[in-house]
Amino acid sequence: MLLNKTETITQPYKPYGAEIKETRPYSPCRAACPAHTDVQAYVSLIAQGRYTEAFEVITSVNPIASVCSMICHHPCEQACRRCIVDEPLAVRHLKRFAIEQSKDYRRRKRRLIQKTKNKSIGIIGSGPSGLAAANDLAELGYSVTIYERHPALGGMLASAIPPYRLPGEVLKEDIDDVIAKGIDVKTNCEIGRDIKLEDLAKKHDAVLIAIGLSLSRSLNIPGAEGAGVLLAIPFLEDVAFNRKPALGKKVLVIGGGNVAMDVARTARRLGVKDVSMVCLESAEEMPAWKWEVDEALEEGIAISHRWGPKAVRRHGGKVQGLEVVKVKSVFDANGRFNPSFDNDAAMLIEADTIIITIGQMSNLSFLKDSPVKTDERGRVEWNPATQMSSAKGIFVSGEVVAGPGSAIAAVASGQREALAMHLFLQGEAIEGKLPAQEKEKIAQLPAEVAEKIIREPRRVIKHMAPEVRCDTMTHFEIGYDEEEALKEAGRCRGCGGGAIVDKNKCMACLTCMRICPYDAPVVTSVSEIRPEYCQACGLCAPECPGEAISMVSYDVREIQKTLASIVGAVDSNRQ
């Protein structure tokens, strides 16, 4: 599906069977993805060597697909039905492979979208949520302007995710795709400082607040204020915009989440040999992703578990370390975060620089004296049924209302917001018209089917050696080559892309029951093929005498017709 330079795309690409899939339970991987990316479809296309078509499926619902191929926490993999067979499919790495193979194609297909709607929209913030909303609204024909307070687009993707995890050129490819559609951009423009929200609301027909969580929370403990104690987000922003933060020889990071991992591993890459972490949680309770923790440990970062900060000890104004007390429990009997401490068990962790990474919050100062209300906890009042704030025409999306989450969850939020804004601007009711976020999915793989599947380990992704990667900000994961990608894609069981029966043609002849190795068909007056059993092998469809069976994700009969041209004619005289 390669395009010539003079070609344009007039219709979005849809994989074979896309319409049928929408009427059936989703594959678990697709259901787990907040944007409901059709994982089965694009992995199947990769297995066939059809990389640009795989790219089309990936990007049809995700405008920051390159970003997600690097940093996504891949809930699709946790949901993979191969988990009970051997290991989940390496979905994120396959996504990265398909995107990297389609670089020239994606650049050629960028195009300006005609502005067919006589309405303009202002979007505050260019993180995942803002970009997703801008992308969809531009596709619908609206005039869109993004306002970003930083010198570069991307929001926290650009300012807070270190380049060893997300290279700048990867983020740029996604942003270029979106901006090419004719979106206006105003960087170094902070709402409340450079332009008031009320003036923005007058300028545009609708406004979206998609500012994310850009402020770090601090600790109310003695000694926390002053030199030698840094906050996570300003620290990461300094690194992102080439402002070298002042670090000593012993850095201690307070916190156990993913941001804490980013901070600690970034400090290590800035030349600090002695980097450690301290957190309230045990190793099992830490909120950071396990693979992030494992990679940090590989890089020589020590973690002290079950200790809570009590005071920053200073001498002559300089930081000497952090006094900590033993944590008895992190959660109460109801599972709520409510740490309790043993104040008789205390110690000092030596450090000359302490970085606090205990959570983020939104900077809502620009809402002062505006019609957008905030609640008693300082959060924006927001109606999930309409996606609107308390002020008519001003919408809110992403982490500012949902709280800390993933990039792909923010994308899904931005897409819902775009639809809500579209309905609003067209004078239609919003309530009841936004799609359900939870999707029906295929049941788990039955044990008797799992036993019949050949075990095939997941292809391992290679990393730069810890001693090498700690000396550079270069991205440390080495992606699949073509052979590895094809083999890994071949592990997919095709969930959601299997056989279906046309009941008007079925004669209940039992042929499908006889031919299926997985006992998927159940025949009464007609045949029904159970999706949780079906492995999309396609054996039943060509054997059906009534041609009542077809495959959701590929055309068996078309393959039959072209088989001779692929393998060559059979020599009838062959002995």
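- For the residue pair Phe424 and Asp205, the shortest heavy atom distance occurs at CE2-O, 4.0 Å.
- Ring centroids of His73 and Trp291 are separated by 6.0 Å or more, keeping the two rings apart.
- Between the Arg269 side chain and the Met473 main chain, no donor and acceptor come within less than 3.5 Å of each other.
- Side chain to side chain, Ser214 and Asn363 fail the donor-acceptor criterion of an N or O pair below 3.5 Å.
- Across all their heavy atoms, Gly256 and Pro287 have their closest contact at O-CD, 3.3 Å.
- Closest of all the heavy-atom pairs between Ile301 and Ser276 is CG2-CA, 4.3 Å.
- A salt bridge links Glu56 and Lys109; the closest N-O separation between the charged side-chain nitrogens and carboxylate oxygens is under 4.0 Å.
- For the pair Arg265 and Tyr164, the NZ or CZ position fails the cation-pi test of under 6.0 Å to the six-membered ring centre and within 45 degrees of the ring normal.
- Listed here is the closest heavy atom pair of Met464 and His475: SD-O, 3.6 Å.
- Just one residue in the list Glu292, Glu477, Glu295 forms a salt bridge (charged side-chain N to carboxylate O under 4.0 Å, His left out) with Arg165, and that residue is Glu292.
- Here the shortest heavy-atom pairing between Met421 and Ala206 reads CE-CB, 3.7 Å.
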Could you list the donor-acceptor pairs under 3.5 angstrom formed between side-chain atoms of residues 127-143 and any protein atom two or more places apart in sequence or on another chain?
residue	atom	partner	partner atom	Å
Ser129	OG	Ser397	OG	2.4
Asn135	OD1	Lys181	NZ	2.4
Glu139	OE2	Lys181	NZ	2.8
Tyr142	OH	His422	ND1	2.7
Tyr142	OH	Gln426	NE2	2.8

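- For the side chain to side chain contact (heavy atoms under 4.5 Å, CB included) test with Val251, the passing option among Thr266, Asp274, Val272 is Val272; the others fail.
- Not one N or O on the side chain of Arg314 forms a donor-acceptor pair closer than 3.5 Å with the backbone of Gln320.
- Leu423 pairs with exactly one of Glu431, Gln387, Lys433 by the side chain to side chain contact (heavy atoms under 4.5 Å, CB included) rule, that one being Lys433.
- A donor and an acceptor atom, one from each side chain of Glu298 and His463, are nowhere located under 3.5 Å apart.
- Contact check on Glu299 versus Arg268 returns no salt bridge, with no Lys/Arg side-chain nitrogen under 4.0 Å from an Asp/Glu carboxylate oxygen.
- Residues Asp199 and Lys203 are not paired through a salt bridge, judged by the lack of any N-O separation under 4.0 Å between the basic side chain and the carboxylate.
- Of the possible polar contacts, one joining the Glu77 side chain to the Val91 backbone as a donor-acceptor pair under 3.5 Å is found.
- Around atom CD of Gln78, more than 12 heavy atoms belonging to other residues, nucleotides or ligands sit under 6.0 Å away.
- Ring to ring, Tyr42 and Phe55 are not that close: their centroids are 6.0 angstrom or more apart.
- No donor-acceptor distance shorter than 3.5 angstrom exists from the side chain of Thr472 to the backbone of Arg469, with no hydrogens or angles considered.
- Closest approach of Ser216 and Leu231 over heavy atoms only: CB-CB, 3.7 Å.
- A salt bridge links Arg106 with Asp174; the closest basic N to acidic carboxylate O contact falls under 4.0 Å.
- A donor and an acceptor atom, one from each side chain of Arg149 and Thr187, are nowhere located under 3.5 Å apart.
- From Ile124, atom CD1 reaches atom NE2 of His204 across 9.0 Å, with rounding to the nearest 0.5 Å.
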Criterion side-chain contact (heavy atoms from CB on, under 4.5 Å) on Ile161 and Met70, from CA distance to verdict: CA-CA 11 Å; Ile161 298 183; Met70 295 286 179; over 6 Å; no
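- Side-chain contact of His305 with Ser282: a donor-acceptor pair under 3.5 Å is absent, judged by distance alone.
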Glu173/Arg110 under salt bridge (charged side-chain N to carboxylate O under 4.0 Å, His left out): CA gap, chis, key distance, verdict: CA-CA 11 Å; Glu173 290 289 348; Arg110 287 174 185 152; 2.6 Å; yes
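- Cation-pi geometry between Arg243 and Phe241 is not met: the NZ or CZ atom fails to fall both under 6.0 Å from the ring centre and inside 45° of the normal.
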